[in-house]
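Throughout, numbering of the chain's residues begins at 1 and tracks the sequence.
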Amino acid sequence: MADDQGGSDGGERAVTRLLHCIASYTHELEAIYNTVQSFLRELAVKVARYTRSVANESANRLSRDRDLDDWRLNRRWFRWAEQEWHRHMVDRFASRLSAQLPRYYVQWYDPKCEGLDPVAYSWL
């Protein structure tokens with residue numbers, strides 16, 4: 001692993017700091033840490049490295065942008081529509097912040113969504 005300074009042991013230092021924060025040092029924790037590191041090396045897993053916000057301006061900006069077109073029906077009116085017609089199963093045009101149902105479709109990727117581009121899916 002590499003840290004944000006380009007060093008090769010930044011990840012190990014971060015894990016060590018984390019372990020010291022959540023528990024006192026023990027040989028058991030060290031054994032677990034070594035086992036996990038060996039397992040990751042065997043699988044050739046590359047662990048993401050930390051990049052400071054100032055060094056990653058585009059991702060930093062995107063993570064803070066609000067979608068000004070992300071609207072939702074007032075919850076009171078949504079409940080009225082459900083009572084008047086039927087229970088809705090999927091929120092077709094939503095985001096994680098605006099979804100009124102557990103199942104929802106979004107315009108941009110969200111790990112909790114049903115899918116992207118709701119127009120492309122069957123509505124039946």
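The side-chain heavy atoms of Leu116 and Val106, taken from C-beta on, include a pair separated by under 4.5 Å.
In this structure Tyr105 satisfies the ring pair (Phe, Tyr, Trp, His ring centres under 6.0 Å) test together with Tyr121, sequence neighbours excluded.
If you chain together hydrophobic residues whose side chains sit under 4.5 Å apart, Leu73 and Leu101 fall into the same group.
Sorted by first then second residue, the salt bridge (charged side-chain N to carboxylate O under 4.0 Å, His left out) pairs that include residues 106-122, not counting sequence neighbours, are Arg96-Asp110, Arg103-Glu114.
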Side chains of residues 75-85: which donor-acceptor pairs under 3.5 Å do they make with residues two or more places apart or in other chains?
{"residue": "Glu82", "atom": "OE1", "partner": "Arg87", "partner atom": "NH1", "Å": "2.8"}
{"residue": "Glu82", "atom": "OE2", "partner": "His88", "partner atom": "N", "Å": "2.8"}
{"residue": "Glu82", "atom": "OE2", "partner": "His88", "partner atom": "ND1", "Å": "3.2"}

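Taking each heavy atom of Tyr104 and Ser95 in turn, the nearest pair found is CE1-C, 4.0 Å.
Without hydrogens or angle criteria, Arg72 side chain to Leu97 main chain gives a donor-acceptor distance under 3.5 Å.
Between the side chains of Thr35 and Ser38, no donor N or O sits under 3.5 Å from an acceptor N or O.
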